[in-house]
Every structure is written in C-alpha cells, then in structure tokens.
Amino acid sequence: MKIFKGNVLFLDRSDINTDEIIPAKYLTEIEKAAMKPHLLEDLKLEGFDPKTDVQGKACVVTKENFGCGSSREHAPWALEENGINVVIASSFARIFRQNMFNCGMLAIELSKDQINTVFKEFGRSNAQIAVDVEKSVIMIQSKDQTKEIEFQISEFDRALIQTGGWVEYADKNY
Amino acid sequence: MSKTIAEKIFEAHLEDEPFGDVSVLRLDRVFCHEITTPTAIQDLVARGKDRVFDPDKIKAVIDHVTPAKDSKTAMQGKILREWAKRHGIKDFYDIGHNGVCHAIFPEKGFVQPGFTIIMGDSHTCTHGAFGAFAAGVGTTDLEVGILKGVCTFKKPDTYKIQIVGVLPEGVYAKDIILKVIQEITVNGATNMVIEFTGNIVDEMSMDQRMTLSNMAVEAGATSGICLPDMTTVDYLWEFIKDEYSSRQDALDIFSRFKSDDDAVYAKTKTIDVSDLTPLVTFGYKPDNVKPVSQMQGTRIDQVYIGSCTNGRLEDLKIAAKVLKGHTINKNVRGIVSPATPKIFSQALEQGIIKIFMDAGFCVTNPTCGACLGMSNGVLAKGEVAAATTNRNFNGRMGKGGMVHLMSPATAAASAIKGEIANSDLFCK
Ligand code: SF4
C-alpha cells in the first residue's frame, strides 16, 4: 500500500482539468518519471507557483470536478511522482477518480460543506494530513488545531488500494 | 421491463459484481492509439503479462501525431506498431491509412449497437452515437482491457436529454451540444450516461450524432448514447449485411437494446432548439458559451477545421458551402484536416478540398494534429484560434493560446472575416 500522509497542497478552485495537471505536450513521454517537474505547470490559480508550491507536498485538497477533461493517467502519475498519493475534493471527474484507484492511489470525496470548512480552518496554514484507509478517517492538523473527518470509499476501491491496483486484481480474478 | 439502453447493455455484458457496487463488463472492443497505449504496453511487458485477450476485438491506430514529429512521437508509434504485429492485431492503421480514432473506427464498421467499448481517450463517448456503451478510460483500465477484455463501471444513471423543435437554418449539431453543455455545465452529467433523444436527434445523420455524442464527456458524462434506428442500420449495412437477412431484421435485433418507454431516468431535460442561434465558447471551459452574435468581432489568428468532433465529410461540406467563392482574411491562418483518408478522398472527389485550397486553407493529412496542440498548428502565446474541436482548456492548442469552439460553418465564416462571425454573412 502507498503512503497517504504529509503536507497539504490547497488548490482553491473547481474544475481543475488534466491539461492543467499535466499539459498534453508531455504525453509523448513514456517514462512516468518525466512527468515530475511538470505537475500543475499550466494551472490557472492566483498566487500559485508550481515551481515552489508543489515541493514537499503529499496531499492535494481541492474543490469540485477535479481532474476533468482528458483521460490521461499521466495526471495521477505526475502527482505520484511528486509524492502525492491522495487527493481530497468535493467531487471528481469519473475517469480521473478511477485512474487514481487503479494506480492504488486515493481519491476521497467529502461534502462541499466539509471541504469549505477544511479550507476555512486550515487553508491558510501549513497543514498535514494522515489518512487511515482501514478506519476510513482523515486526520488533518495545523499548528493550532487537529480535526478528524470520516470518509467513504467502496469496498472495491479499498480492495484496489490494498492489492496495489487493478491490473493485479483483474489478472487474478478474470 | 423499464430499463434504459445503458442498463440493458450492462446486463448483457455483466461478468461479475465483485462488491455489489461495481459491474465488471465484458468488452466487445478495445480501441488503441499511440499516445495512451504505449505506456500500457510497457507496463504489461514489465509485469510479464504481454498478452492480449482477443486480437480481433482490439483495433489500433496512430492518429494523434502522424507523421511522427520527433524522436519521442516516433517511439510511441514504434511501440504500438510492433505490439500490433507481435499479437496479430490485423486492424491496425498506420500512415497512409490512418485517421482520427473516433472517425476511422466507426467508418470501418467496428462499432455496433449494444457493444461495450473502451479506449484510453476521453472522447470514446463518440461511439455512443451508434447505440453502444463506449467510454474513455485511463491507462490501467486500458491495460486490463487489453489483457482480459473486461472493465469496471459503476451502474450507470442515465440523463435523458430530449432535443426537440425545428432546427433553424445555419444551426448545427455542434451548436446543439454547446447548448446542452451550457445548460447542464461541465459536470452536469458526471458518472451518468447521457441518452440523446427527441425528433432532432432522430432526424440527424450519423455524422451529426457523432458530433453530439463526442462532447458528452465535456458535461462529465461517461457515454453519450443515441438510440439505434434505421439511420444507424443504413450506415452499418455494408459491414453487417452477411449477418442479417434484411435491414429490418438488423433493426429489430438492435432495437432490443432500446430504452423501454417506462425506463427510469436519474434526470431528464428537454431542449427546444427552434430559436437556437449559432454558439461559440469563450474562456477556458466548454460550458462558457455565448451566441456568436455576442462574440462577433473577436480577433482570431488561426482557424482549425477538423478533429473527432467536426472533421467528417458533412462538416467539411458545411464549411465549404460557406467558403465557396471567398478567400480567407489575410491575417488568418486556415487549417483543415479531414478526419480519415476516406473522408479526404471523398472531399477531393466532391471538389470540397479545392474550395478550401482556393480560399487559402492549408489541407493537412488526417490527424488529431492541432486539436491538442501537439503538431500541425500549435498556437503561440497570446494567439487565438477558432476551432471546430471540443476543448477550449487553457493551453489546449498551445501554451498561452486561446481556443473558441464553434461549428464548421461559424469557423469558415470567421476565417473569411478574420474575426468571429456568423455564417449567414456569407451563406445566404
Ligand atoms: S481529435 Fe482531438 S479530441 Fe479528438 S481524439 Fe484527437 S486529440 Fe482527442
């Protein structure tokens, strides 16, 4: 199982698409590692600088419809190569969400209210997150406070995370 | 009965329901192109699983960057080419025979009503135009599709969108789908299948239905399905005539997949297009849509007519009708890419290519090319394109470039005018 804890990168916007996560021009790369320096390179978000803001982060917290657009699995790979194995959002585009679990990564959906609260209480601080997959709990903490949030993922998604992804699962079962 | 077409297709292909909440479906087709498949192939090789479930159900094409533009894209083509050969994948389309995946595969008769289809490409929803369940997937799903011929999906909720009324002159399938996306927004159909019905869809040709289904994913939908009818059968007849005794016989069998009258929909919406005017996008989201009349005069640097949305014969015809007898504005670069070699040669025979060339367009070989800003017409920073494609995301056709999505008619009129313009200016 991958590691689901560390510093949070807050992306305060909805509809962040996969072209913003990893631009199409890098799709000619065949090695996942080549994605690393280009994560979120074209993201339109005030105050965000991919050169400095991505480093040392392990988790993305964002708003609605994260990962919309192209089906490219290069988007989760670009996150993974930067040590980001978990994205928490109020909703995901279908293909992106599936790609995350297929790679054994976590895409957690919280309600809009919960996400807004997280942004309000932690968005301006240096927050850390630790996800307990067994217990379905996110622990988020900053210098002055700690919060636990329960989440839900399906048994199938949990099985994918625990067996290390869909290829191994499918080859064994079908 | 009360089932939707998507539910019926799911039921007919169900292989397993491992935890109740997901369905593992058997696949009729796995389509492949050179951008997303090589990574899947490499990974299968690395895992010691370099196998394919059925070489006859896998179809592959080099379409995104062709001819290769550099060593990297050449390598992607090479990996796909060698893999197709190694596994006896007969239906592999390489240079000279290749075209945009979502145009060439239907044209070869590979898509039929009731099929389940995946591809590592988000616009795979296009094939829903034939009454198939076709969905874009990521690399891992593609890998498993290639290896085992299965894919998982959540049970689909269906969003029924009825398109009714009388379609005004100069308004096309592209304007209709832009209207749909504007109304339901970019995630209005996330995790849902859109079922397009209504008299306007019934009256559409397959080319137009493909334009409609193509952009379902821009509203978040898994697939965009049109119900099979005689138009579908007529399109497919040359490929299926040995399997059915008559066209009616084929239709009767395909109709088993049609939604029941009392099927249950998660959402429904009716859009009357009788007053619709040509539309165009602004900004970086496909639901940012305005009437052309409100965007008139917007400066453009390049016009691109092509792609899996609007690069088919009918689209070229529509653009040519506007262009005929005109030349494009001297400040504008015009590029047209017929989506397949067949479309290209039909357009040649019908004098359409000549109209484009006389107007000052550059005619490229069939390819995705400029659509995703990888070759054949990448924008410079600050440049603006009028395009018949499906995505206006920031940087889509080149970093720092802006893309306005529109119909082929609007694109052609804009090319002549040198700014966004309505086709009725030139096409009376
Ligand atoms: S034409 Fe554009 S949208 Fe269609 S498959 Fe090619 S790159 Fe994708």
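Note on naming: letters A, B, ... go to the chains in the order of the sequence lines (proteins, then strands), and numbering restarts at 1 for each one.
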Part of [X] within contact of chain A (heavy atom distance under 4.5 Å):
X: R26(B); answer: neither
X: V65(B); answer: neither
X: T124(B); answer: neither
X: L147(B); answer: side chain
X: V22(B); answer: side chain
X: T190(B); answer: side chain
X: I79(B); answer: side chain
X: R396(B); answer: both
X: F53(B); answer: neither

Count the heavy atoms belonging to other residues, nucleotides or ligands that lie under 6.0 Å from [atom1] of [X], then report whether that count exceeds 12.
X: K5(A); atom1: NZ; value: no
X: K57(A); atom1: NZ; value: yes
X: K112(A); atom1: NZ; value: no
X: D132(A); atom1: CG; value: yes
X: E183(B); atom1: CD; value: yes
X: E17(B); atom1: CD; value: yes
X: K78(B); atom1: NZ; value: no

For each of [options], tally heavy-atom pairs with chain A at distances under 4.5 Å, and name the one with the top tally.
options: L372(B), D70(B), T39(B), L142(B); result: T39(B)
options: V217(B), T222(B), D121(B), N390(B); result: T222(B)
options: L44(B), I35(B), T73(B), T152(B); result: T152(B)
options: R391(B), E143(B), M374(B); result: R391(B)

Rounded to the nearest 0.5 Å, how far apart are [atom1] of [X] and [atom2] of [Y]?
X: N394(B); Y: N17(A); atom1: CG; atom2: CG; answer: 8.0 Å
X: R47(B); Y: D171(A); atom1: CZ; atom2: CG; answer: 9.0 Å
X: F393(B); Y: K44(A); atom1: CZ; atom2: NZ; answer: 14.0 Å
X: Y169(A); Y: K148(B); atom1: OH; atom2: NZ; answer: 13.0 Å
X: D19(A); Y: K399(B); atom1: CG; atom2: NZ; answer: 12.0 Å
X: T185(B); Y: D15(A); atom1: OG1; atom2: CG; answer: 7.5 Å

Would you check if there is a donor-acceptor pair between the side chains of D141(B) and N102(A) at a distance under 3.5 Å?
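Judged by distance alone, the side chains do pair up.
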
Answer with yes or no whether the side chains of E73(A) and T140(B) bring together a donor and an acceptor at under 3.5 Å.
yes

Region of [X] that comes under 4.5 Å of a non-hydrogen atom in chain B:
X: T18(A); value: neither
X: E155(A); value: both
X: A159(A); value: side chain

Of all the heavy-atom pairs spanning [X] and [Y], show the shortest one and how long it is.
X: S122(B); Y: S70(A); result: OG-CA, 3.7 Å
X: P18(B); Y: Y174(A); result: CG-OH, 3.8 Å
X: S91(A); Y: N187(B); result: OG-ND2, 4.2 Å

Salt-bridge test for D43(B) and K32(A): reply yes if a basic N is under 4.0 Å from a carboxylate O, no otherwise.
no

Salt bridge check: are K49(B) and E168(A) linked by an N-O gap of less than 4.0 Å?
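Yes, charged N to carboxylate O under 4.0 Å.
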
Closest-packed option against chain B by number of heavy-atom pairs under 4.5 Å, given A170(A), G69(A), S154(A):
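Most pairs with chain B among the choices: G69(A).
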
Output the option from V167(A), L27(A), I30(A), N99(A) having the highest count of non-hydrogen pairs under 4.5 Å with chain B.
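Counting heavy-atom pairs under 4.5 Å, the top option is V167(A).
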
Exam field: side chain K72(B) to backbone E29(A), donor-acceptor pair closer than 3.5 Å
no

Short side-chain to backbone donor-acceptor contact, R94(A) and G136(B), under 3.5 Å
yes

